[in-house]
Undergrad: 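Before I ask anything, here is the structure I am working with.
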Amino acid sequence: MSNDDHILIVGGGPAGSATALAARHEGAEVTIVDRKTHVGIPVQCGEAIGKTGPGIAEIEIPEESIRVPIRGFRVYSPALISVDFAEKEPSGYIIDRRVFDKELLARAAESGSDVLLGAKVIDLTRKNGSVDGVVVRHNGARKTIKAKVVIGADGVNSEIARLTGLRRSFKPADIDSCYGYEMVNCDLEFPDLMEFLLGSELCPRGYIWIFPKGEGRANVGIGIGGGFGTHTAQQYLDHFIKHHEIAKRQLAKAKIVECRVGALPVCGPNEQNVVDGALLVGDAAGHVHPITGGGMGYAIVCGSIAGQVAAKCVSKGDVSADRLQEYETKWRKRYGDEFAQSLKLRDLLIETEDQTLDKLAKIVTGDSVVKMASARKVKIFAKAMATRDRKLITLMKELRKLKMV
Amino acid sequence: MTPTEKTSKKLAKVNGEICGICQACATVCPTNAIDVFEHYIVVLPDRCTGCGTCTKVCPVEAITLVKR
Ligand SMILES: Cc1cc2nc3c(=O)[nH]c(=O)nc-3n(C[C@H](O)[C@H](O)[C@H](O)COP(=O)(O)OP(=O)(O)OC[C@H]3O[C@@H](n4cnc5c(N)ncnc54)[C@H](O)[C@@H]3O)c2cc1C
Ligand code: SF4
Ligand code: SF4
């Protein structure tokens, strides 16, 4: 870390490690700093990840982090009408985040990146208005680290987002307030499907998930809209586990072996993620699906793009926002529509009454749920009209305006 | 006494025995009054206006408003 001709990545989570790996691949000097001494801990995640997101190719999911292969999902509507999607071959995994994050960081380090743990970034340094380093607190002392580009991969509560002015604070409704357990002795009905439950009483503006982790273990959690509902996320989840028939069927004998809290940005990406000498990626940039809450895959793909572009800009000696904008253009090309459409769909669904969701569940297939979540058009309009249900038809007309049906 | 301390009658307080450091409170605080560390979080009294926004998003009711 003696020279200042490097890319400094703030945050050693999936976004930071992916950025580092890609930048090293392009031959750049890389330093990762993280305020933690153990990345990935405490686990604050549902731990579900798709098998091959496009672009994750070079960054393979560490084998030692994989707990079980997943073939699809089952969604329960408020009145428990289920919609299934199951492929023959596994399409994703439930992983162990503590192993996953650590392993990705280890690979980033093995690829030649420097890693500084226990170093909390508290400020940026600038030269002629362009970011050219960070100030960290490390071992009780302040220290300045200069860099060519600073990458904010520092998660939902990004200090780099605040310091660059790219995002100040969230409104409560912009985030999901999450709570969860790792449980053992579960009696899961579908050991290779993820289960989701919806309902305004059950989990206001959010969902409850039951993800299998193999050998009778499960990751069971809830996300509710910030400021939504009358109870805390923990209270909603405990109520579900104790009283809901789906939980009673599968979790009656289950024991809790870990408690988890979490916060998730579900308001879509920041308007802009690039300034002179710095950029944001992962949760810091808002790279989280507004409906599913999935973020790891996006963090890794967008991180790969960020690493490539940053390395190129450093080698060309121009790290202005104009040049770094190539990153913003590239990730938006891939995911921009998906995030924007999902956000609109999410907002429509919040307004939709539970009974209408039940009717919708009756006419959609698992395949159309997958398509809608990735902003692709589905053919359910005629079926919906045939129900002659006024509220469902209104919903369809709104969806048609979004070109989703 | 800072200006904020003079005008606000309330202050956010964290129960460290319950807090799991999810950072939800810190992300919504309008004045950036919550500092997050690896094993704990801290409310900065001179920045906290007692607005209560943080209390709306905590998954476990670990942050509440108290009298200054
Ligand atoms: C309850 C819950 C369930 C989820 N379930 C899923 C799921 O099933 N599948 C999925 O794909 N996604 C899920 N997500 C989302 C996923 O966890 C995130 O999108 C992902 O972790 C983002 O990675 P990241 O690298 O951007 O940020 P993080 O993983 O948050 O990493 C940020 C890193 O930056 C460090 N840092 C922060 N501030 C500083 C600072 N000032 N100085 C130095 N270092 C700093 C932190 O210590 C941390 O190591 C879930 C999230 C939650 C909360
Ligand atoms: S009460 Fe308001 S100002 Fe104080 S910490 Fe909470 S959100 Fe911030
Ligand atoms: S929201 Fe609650 S659990 Fe999360 S960091 Fe704040 S006080 Fe702790």
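All values derive from a computational prediction rather than experimental measurement. Note: hydrogens, waters and symmetry copies are ignored here, and every other heavy atom, side chains too, is used. The chains referred to below are lettered A, B, ... by the order of the sequence lines, with proteins before strands, and numbering in each begins at 1.
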Undergrad: Heavy atoms only: give me the nearest A:Ile175-B:Thr27 pair and the separation to one decimal.
TA: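 Residues A:Ile175 and B:Thr27, closest heavy atoms: CD1-OG1, 3.8 Å.
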Undergrad: What's the shortest heavy-atom distance between A:Gly262 and B:Pro59, and which atoms?
TA: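 Minimum heavy-atom separation between A:Gly262 and B:Pro59: O-CG, 4.3 Å.
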Undergrad: What part of A:Ser158 is in contact with chain B, defined as an atom under 4.5 angstrom from a non-hydrogen atom: side chain, backbone, both or neither?
TA: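 Contact with chain B involves no heavy atom of A:Ser158 at all.
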Undergrad: What is the minimum heavy-atom distance between A:Gln44 and B:Ile21, and which atoms define it?
TA: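 Closest heavy-atom pair between A:Gln44 and B:Ile21: NE2-O, 3.1 Å.
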Undergrad: Is it true that atom NE2 of A:His244 has more than 12 heavy atoms of other residues, nucleotides or ligands lying nearer than 6.0 Å?
TA: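 More than 12 within 6.0 Å, yes.
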Undergrad: So which part of A:Lys171 gets closer than 4.5 Å to some heavy atom of chain B, the side chain, the backbone, both or neither?
TA: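 When you check distances to chain B, only backbone atoms of A:Lys171 fall under 4.5 Å.
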Undergrad: In terms of heavy-atom proximity below 4.5 Å to chain A, should B:Cys58 be classed as side chain, backbone, both, or neither?
TA: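 For B:Cys58, the backbone is the part near chain A, not the side chain.
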Undergrad: Calculate, to the nearest 0.5 Å, the distance between atoms SG and CG belonging to B:Cys22 and A:Asn157 respectively.
TA: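 These two atoms lie 9.5 Å from each other.
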Undergrad: Mind listing the closest non-hydrogen atom pair of B:Gly20 and A:Pro42 along with its distance?
TA: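 The answer is O-CG, 4.2 Å.
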Undergrad: Restricting to non-hydrogen atoms, name the atom on A:Gln235 and the atom on B:Glu61 that form the minimum distance, rounded to 0.1 Å.
TA: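 Here A:Gln235 and B:Glu61 meet closest at NE2-OE1, 3.9 Å.
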Undergrad: Under a 4.5 Å heavy-atom cutoff, which of B:Cys25, B:Ala26, B:Cys54 has the most pairs with chain A?
TA: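 The residue among B:Cys25, B:Ala26, B:Cys54 with the greatest pair count is B:Ala26.
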Undergrad: Would you say the side chain of A:Glu159 lies within less than 4.5 Å of the side chain of B:Val36, judging by non-hydrogen atoms?
TA: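 No. Closest side-chain heavy atoms not under 4.5 Å.
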Undergrad: I need the minimum non-hydrogen distance between B:Pro30 and A:Ser169, along with the two atoms involved.
TA: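 Heavy-atom minimum between the residues: CA-OG, 3.9 Å.
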Undergrad: Please state whether the side chain, the backbone, both or neither of A:Arg162 comes within less than 4.5 Å of a heavy atom of chain B.
TA: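 Side chain only.
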Undergrad: How far does NE2 of A:His38 sit from CD of B:Glu38, to the nearest 0.5 angstrom?
TA: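 If we round to the nearest 0.5 Å, A:His38:NE2 and B:Glu38:CD are 7.0 Å apart.
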Undergrad: Counting only heavy atoms not in A:Lys120 (residues, nucleotides, ligands), do more than 12 fall under 6.0 Å from its NZ?
TA: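 Enclosed: over 12 neighbouring heavy atoms sit under 6.0 Å from NZ of A:Lys120.
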Undergrad: Would you say CD of A:Glu258 has more than 12 non-hydrogen atoms from neighbouring residues, nucleotides or ligands within 6.0 angstrom?
TA: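 Yes, the 6.0 Å shell around CD holds more than 12 heavy atoms from other groups.
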